[in-house]
Amino acid sequence: MKKGDHLFLVDGSGYIFRAYHALPPLTRKSDGLPVGAVSGFCNMLWKLMLDARNTDAGVVPTHFAVIFDYSSKTFRNELYPEYKANRSAPPEDLIPQFGLIRQATKAFELPCIEMEGFEADDLIATYARLACEAGGDTTIVSSDKDLMQLVGPTVTMYDPMKDRQINIPEVIEKWGVPPEKMIDLQALTGDSVDNVPGVPGIGPKTAAQLLEQFGDLDTLLARAGEIKQDKRRQSIIDNADKARISRELVRLKLDVPVTDALEDFVLQPPNGPKLIGFLKTMEFTSLTRRVAEATGTEAGEIEAVPVAVQWGADAHGPDVGSGTPVWSPSSPTGPSPRKNGEKEDGRNADASLAPSLRGEGKGEGQDTPTALANKLAAAAAAEKFDHAAYVTIRDLATLKAWVAEATEAGVMAFDTETNSLDPMQAELVGISFATAPGRAAYVPLAHKSGRGDLLGGGLVENQIPVRDALAVLKPLLEDGSVLKIAQNLKYDLVVMNRHGVDVRPFDDTMLLSYVLDGGTNGGHGMDPLSEKWLGHTPIAFKDIAGSGKSFVGFDQVEIDKATAYAAEDADVTLRLWRVLKPRLAAKGLTSVYERLERPLVPVLAEMEQRGISVDRQILSRLSGELAQGAARLEDEINTLAGERFNIGSPKQLGDILFGRMGLPGGTKTKTGQWSTSAQVLEDLAAEGHELPRKIVDWRQLTKLKSTYTDALPGFINPETKRVHTSYALAATTTGRLSSSDPNLQNIPIRTAEGRKIRTAFIADKGNKLISADYSQIELRVLAHVADIGQLKQAFADGVDIHSMTASEMFSVPVEGMPSEVRRRAKAINFGIIYGISAFGLANQLSIPREEASDYIKKYFERFPGIRAYMDETKAFCRDNGYVETIFGRRIHYPEIRSSNPSVRAFNERASINARLQGTAADIIRRAMIRMDDALVAARLSARMLLQVHDELIFETIESEVEATIPVVRHVMENAAMPAASMSVPLHVDARAADNWDEAH
DNA sequence: ACAGAAGCTTA
DNA sequence: GTAAGCTTCTGTT
């Protein structure tokens, strides 16, 4: 699929019902088989096909697919068991037509797409998204309001029965809100047909008016108190949870793990004989004649083909009931039927919950999702742990029995034990899993005997060989119908990937906690989570493996102790999942987890495994140069100071500079020491003192040497010869990633000396590195969320944003502007992103605080929207204890209401920054999640290696550089879509070169 | 052996 | 003024 291509997606299931009710009944003459809907469907398809070949028609499909519901049970039932619960069985005379319409689709040589666990709408949404990313347009053939949320610049709808296009204006005309607000609107109004609850008493008109007033559902719910009408206000406050869950129900899934590629949808010329064969069978004489004429086929020579018809109510029809395809006995192509609730993508709500707990929830009837989640948490905390009950698995038969048990359960927690924190070097020592609370086992695989002797000790007896165990476990870990739960799965995924095993579908308790409680006190590691939610302290790693000098690898741990530790980890993980997963939907955070967190795990796992090449020689040469430079400076420093001392000791340095030498000391640190920060030393240097200058220079050189040129070679993996960083998904408060071991997000760039280190990051022979970075993304996000006209205009016009700010503030024309004026405006712009304070700005610009204060005042006068934005953010945070990104990520600030003014001010600044930094972080996450698919779809071999907050680094073969850059840029620039449509364009700069320095 | 402070690198 | 991670020094355990 490429730019200019046009994808037609026919909502097959929607059409069936609509045609059945709208068209006059029609039966086959020969036997009375009802075929009204089939006839309407065939006529519609034929008309679309004719248009496809009529280049004058304007819209010409190049790709075409018909999408159906698979079964009535989807992931939505797990979010909300009552979803579509009151839908009645389809009419008797419609049932045989379900299968016939699928056969009709095949007779038209069109792809017939359906997938268990997902509605047709979700598949349509996903394919529309893929087409959009590939640069193509989409027409959705349907008039269903549930699909209107997808309408946008590249997506239109077409109502085949009214022959009418539905674009943005039509959506607004009909519903009073633009497409992107349809989700919120439906969340409020609900849907009696699908049994989406919504908010009682709120219909489309009221919902549209409320959304107009408040902007979006979250704001509305947060500020519901402001609604004047008593009844309406109360209903919204009382039913906020219902609205949130409704939103999840109506929100279409854009990332269904579809198996068919857009390329498979390329429109084929009609196969006259095949189609006519089917039409004759249906006895559609008039359409048969028209098709024969158009395709130049002699209809008389073609025989009707036998068609399997599934009569009778026991079949339910493929859109209802068990999910077994019944329309076409000869076509077992659909996914195999799944057990109770588990889904292909790991979506699973309460399928494994103890029946008693589920009963409790239902028995009361009126439980809100929140109340239910709280009950589950309380119940989980009450259950006890019993280490003695854990099982050690030592033979294949037992292992197979456990695999069967896990398969039956459909959910399992899983954990790997290794001998290293580095997943790229770790050897697999054992695997543990849990199938129910308290029911857990450990499979020792490579425990060693012989403590620390040079031969490394032999394997302990009675362990299943790794290969044999993995052969049994692989089908389970890759079984689409068994949900694997892990704590920090990325680690285990890398380890397992190295053994040729994938893990899917999965949930990650660390990420669940991060999404639910990001920013609250306490980390998202397993031990704190266990304490918090289960009231249980797991066995500490250091208690069994020692620490420091006494540390032994996990392979040296006795198997009995290892079983208690490892099985407990799996047990804890499973119990945590049962507490945390229900809270997700209750708090309306499902989409953050499913769209921004979980899909990133395999993406990062691949990036980490790929690594990047680092040139040892370059680093070694630099290291030598730095050592020389530092040594020369050391001599000079010692001479100037008149004594030898440890230059790296701020304490000794302070004593010499401000004590013995009597230089004017600037500030003190909080421990009462003289500060010797670069700022202080620079100031002294500016007054003509020689020594401070040299200290600054020495620090730069030794910093570069110790942190980079000396340390990096030690990270080169002996096997891959590349450097593999580790990305933390749940480490920052704002949603950014962090990088460690080594940190590749703080490789120097500002100074010429530092930049040289970047030349050591290289592409392999015949390859290039591509660096693509967002330009000013946080300021653009600010312009968008704070709705600042001048900023938006400046970005739309592509003018220099800092010059514009300066010009606006100081009334100087942009042409011939002194660089100092622009520098100040730039500092203020950044200050705004950081939640500005006069103190900070004064520091940054080295100006008096009063002057900084005046600047800020002036800025707010020129851009009053900014002050409003900041005030609004603070107020929201104070009221709710958190702020949100435009994608709904929540960042908590529990201390925002502190009585300590400086603590409070800090939290206010942080919350202002978090909305912007967090939104930018979400955007690049979305880009990363889509990137591989986009590259694969474009048949490009480029792959992501690194992420540095607003920059992605790729490696690709030289010949594909030119083709890759536009794809990368397109994905990045459109990453916010369609979840959010930004009122400011995103801009990406991209360059290719042999090394990172030149590519950036 | 570990923890905190100080300092420096990045976006 | 926001968000991170790493190295060195230093004092405590």
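Below, chains carry the letters A, B, ... as their sequence lines are ordered, and counting in each starts from 1.
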Next item on the list: Would you mind telling me which of C:dC6, B:dT10, B:dA11 lies closest to the side-chain atoms of A:Asn746?
Entry: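 So the nucleotide nearest the side chain must be B:dT10.
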
Item checked: B:dA11 OP1/OP2 closer than 4.0 Å to side-chain N/O of A:Arg736 ->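 The answer is no; no side-chain N or O of A:Arg736 sits under 4.0 Å from OP1 or OP2.
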
Next item on the list: Give a yes/no on whether any side-chain N or O of A:Thr669 is located under 4.0 angstrom from OP1 or OP2 of B:dA6.
Entry: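 Yes, because at least one side-chain N or O of A:Thr669 sits under 4.0 Å from OP1 or OP2 of B:dA6.
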
Only pairs under 3.5 Å count here: list side-chain donor-acceptor contacts from residues 624-632 of chain A, not counting sequence neighbours, and write none if there are none.
none

Would you list the atom pairs, donor with acceptor, under 3.5 Å between side chains in residues 744-754 of chain A and any protein atom, with sequence neighbours excluded?
| from | atom 1 | to | atom 2 | distance (Å) |
| --- | --- | --- | --- | --- |
| A:Gln745 | OE1 | A:Ser739 | N | 3.2 |
| A:Gln745 | NE2 | A:Gln947 | O | 3.0 |
| A:Gln745 | NE2 | A:Gln947 | OE1 | 3.0 |
| A:Thr751 | OG1 | A:Gly754 | N | 3.1 |
| A:Glu753 | OE2 | A:Lys756 | NZ | 3.2 |

Under the rule for ring pair (Phe, Tyr, Trp, His ring centres under 6.0 Å), what residues qualify as partners of [X], not counting sequence neighbours?
X: A:Tyr774; result: none
X: A:Tyr869; result: none
X: A:Trp698; result: none
X: A:His524; result: A:Tyr514

Note to self: Please enumerate all residues that pass side chain to side chain donor-acceptor pair (under 3.5 Å) together with A:Gln425, with sequence neighbours excluded.
What the structure shows: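 Expected list: none.
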
Item checked: Any residue of residues 701-711 of chain A with a heavy atom less than 4.0 Å from an atom of DNA chain B ->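 Heavy-atom contacts with DNA chain B come from A:Lys703, A:Tyr708.
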
Check: Going by number, which of residues 912-923 of chain A have a non-hydrogen atom under 4.0 Å from DNA chain B?
Finding: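 Hits under 4.0 Å, by residue number: none.
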
Checklist line | Close approaches to DNA chain C from residues 646-655 of chain A, in residue order (heavy atom, under 4.0 Å) | finding: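 Within this stretch, A:Asn646, A:Gly648, A:Ser649, A:Lys651, A:Gln652 sit under 4.0 Å of the strand.
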
Notebook entry, point to check: Using a heavy-atom distance cut-off of less than 4.0 Å, which residues of residues 877-902 of chain A contact DNA chain C?
Noted result: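 DNA chain C contact set from residues 877-902 of chain A: none.
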
Protein-nucleotide distance ([X], atom [atom1]; [N], atom [atom2]), rounded to Å:
X: A:Arg909; N: C:dT2; atom1: CZ; atom2: P; value: 5 Å
X: A:Tyr727; N: C:dA3; atom1: OH; atom2: P; value: 21 Å
X: A:Lys542; N: B:dA3; atom1: NZ; atom2: P; value: 9 Å

Notebook entry, point to check: Across the strands shown, which category fits A:Ile833 at heavy-atom distances under 4.0 angstrom: base, sugar-phosphate, nothing?
Noted result: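 It contacts nothing in the nucleic acid.
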
Check: Can you list every salt bridge (Lys or Arg N to Asp or Glu O under 4.0 Å) pair that touches residues 907-931 of chain A, not counting sequence neighbours?
Finding: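 Applying salt bridge (Lys or Arg N to Asp or Glu O under 4.0 Å) to every pair that reaches into residues 907-931 of chain A, excluding sequence neighbours, yields A:Glu133-A:Arg930, A:Glu597-A:Arg925, A:Glu872-A:Arg915, A:Arg878-A:Glu908, A:Arg889-A:Asp922.
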
